[in-house]
Student: 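Input: one structure, supplied below.
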Amino acid sequence: MKTDLLQDALHRLHHIVKETGISEATYQALAHPSRTLISSLPVRMDDGSTGYFKAYRCQYNDLLGPTKGGVRFHQQTDQSEVAALALWMTLKCAAVNVPFGGAKGGVTVDPKLLSAMELERLARAYVRANADFIGPEQDIPAPDVYTNARIMGWMMDEYEKIERRKAPGVITGKPLIFGGSEGRESATGRGAFLVIEALAEKLDWQPFNKTVAIQGFGNGGYHCARLLHHAGYKVVAVSDSKGGIYSKQGLDIESIYQEKQTSKALKAVYCDGSVCETVEHKVITNQDLLELDVDILIPAALSNVIDENNADKVNARYIVEIANGPISSNADSILAEKNVYVVPDILANAGGVIVSYFEWCQNRQGEKWSLEKVQEKLACYMTNAFDTAWLTTQKHKIPLREAVYKQALLRIESAIEAHGTQNYFTNGD
Ligand code: GLU
């Protein structure tokens, strides 16, 4: 049976609330999503028939600002998953100090079975169903699993047609020409890379003797792999939804990416210009990849890939969560006993929403920032969030996940307080 992702996320949250001395009232404020719009999207298929697709938009909590979060197209997406992801967006924005609440959207569909035209009609249908629910000051969608800049462009265009005005700030992760930001495409991978670099500095690591395995070669996984490879780390394994490749000597990430763009397959190759040759490698499964004896394991695909059934088989020393929720709550303690150090998703993959925030600011101000400015500001936000959490781990001897949650929850707690709580009325003037 599929795990109820929201229940699992709340279970972990409650545990951390108790461990870190956050008030029960704050937990209660986060124990249920504010609202979810569920719709059935009619889409004209290429053969003339009409397909119906179940769609969700969950606005979890808006205490810190308009709600923010991506829209995923995936065959396993359901209401509970979308709500859990929206809760994590709430915590993520709070943890890295961007003035947004949390939301998430999803359509239950296998996007690989749709043509480009069907995909466009689906994206537009999603916006028609949600047009009264979203908005630049209300709720701002973005890319997520199997959605990209092109799809965000269609969504923004549909919204503007409905509203009869320009409204680029309604969606982030758009094409540059529609008001997208420089550096948004690579932001999630770069953010994770910056966290690894910050950790390396604390632990005095030398990149050249560190091995890395990355599950998932989508946007986040690829850019992080590319930056790590460039910085001298040895990326020994990568995978996609069909399986993975392993090479003890390390893989040439750019060549693999180039090959995947043309043949759609993940192949262990080294390319010189357009000529690629296969390099020595082993074909592995996604499960094998999770069990590799590497320094850093980066799950960058889907949720719950490490749970109580396989957590004890993990051999990596560090896990950096680029995917949202790749570790189930009951695997946390198993990994802790094995001394596996986990950099949690709401910090490791926050680069995407941070640059989404920059994109939204640029749209509101009618500005266009340079790539240098975006990358410099992204580095500031990521390192500030990491350094604050790191200090908390040292001071209170708690895991990094608890420290990051604590800094998010303290901000949410302050917002609840400022809105007026019992204390406010009894102790205030
Ligand atoms: N989908 C991304 C995430 O999970 C980005 C969200 C955004 O940019 O709003 O963080």
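What's counted below: heavy atoms across the whole structure, side chains too, no hydrogens, waters or symmetry copies. Just follow the structure's listing: the first ligand is 1, and inside any ligand the first atom is 1. Keep in mind the model is a prediction, meaning the values are calculated, not measured.
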Student: Give the atom numbers and elements of ligand 1 that come within less than 4.0 Å of a heavy atom of D144.
Tutor: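 Under 4.0 Å from D144, ligand 1 has these atoms: 1 (N), 2 (C), 4 (O).
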Student: So is G173 touching ligand 1 or not, going by heavy atoms under 4.0 Å?
Tutor: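 Per 4.0 Å heavy-atom rule, G173 does not contact ligand 1.
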Student: Indicate the ring-plane relationship of Y341 and W390, choosing parallel, tilted or perpendicular according to the 30° and 60° boundaries.
Tutor: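 Aromatic pair Y341/W390 classed tilted.
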Student: Under 4.0 Å, counting heavy atoms only: does P143 come that close to any atom of ligand 1?
Tutor: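 A heavy atom of P143 does come that close to ligand 1.
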Student: Going by the order shown, which atoms of ligand 1 are within less than 4.0 Å of some heavy atom of S356?
Tutor: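 Listed by number with element, the hits are 7 (C), 8 (O), 9 (O).
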Student: In terms of residue, atom name and distance, what is the protein heavy atom nearest to atom 7 (C) of ligand 1?
Tutor: A142 CB, 3.3 Å
Student: So, is N349 polar-close to ligand 1, with some N/O to N/O distance under 3.5 Å?
Tutor: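 Between N349 and ligand 1 (N or O atoms, distance only) the closest approach is not under 3.5 Å.
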Student: With no hydrogens and no angle check, is any side-chain donor or acceptor of E413 less than 3.5 Å from a backbone partner on I22?
Tutor: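 Checking the backbone N and O of I22 against the side chain of E413, no donor-acceptor pair under 3.5 Å is found.
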Student: Looking at atom 9 (O) of ligand 1, what's its closest protein heavy atom, distance included?
Tutor: K68 NZ, 2.8 Å
Student: For atom 3 (C) of ligand 1, what is the nearest protein heavy atom, given as residue, atom name and distance?
Tutor: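 Result for atom 3 (C) of ligand 1: K92 NZ, 3.3 Å.
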Student: Shortest non-hydrogen contact from L378 to F358?
Tutor: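 Distance-wise, the nearest heavy atoms are N-CE1, 3.6 Å.
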Student: Measure from atom 5 (C) of ligand 1 to every heavy atom in K104, R184, M89 and give the option owning the shortest one.
Tutor: R184
Student: If you take all heavy atoms of A29 and I416, which pair is closest and at what distance?
Tutor: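 Reported closest heavy-atom pair: CB-CD1, 3.7 Å.
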Student: I need the minimum non-hydrogen distance between W360 and P66, along with the two atoms involved.
Tutor: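 Here W360 and P66 meet closest at CZ2-CG, 4.2 Å.
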Student: Below 4.0 angstrom from a heavy atom of N324, which ligand 1 atoms are there? Numbered from 1 as shown, please.
Tutor: 4 (O)
Student: Hey, what's the ring geometry for H74 with Y146, parallel, tilted or perpendicular (30° and 60° as the breaks)?
Tutor: parallel
Student: Could you tell me which non-hydrogen atom of E19 sits nearest to which non-hydrogen atom of E402, and how far apart they are?
Tutor: CB-OE1, 3.8 Å
Student: Using a cut-off of 6.0 Å, state whether more than 12 heavy atoms not belonging to R150 lie near its atom CZ.
Tutor: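 Incorrect, the count does not exceed 12.
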Student: With a cut-off of 4.0 Å, which atoms of ligand 1 are near a heavy atom of G352?
Tutor: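 Per the distance check, 8 (O).
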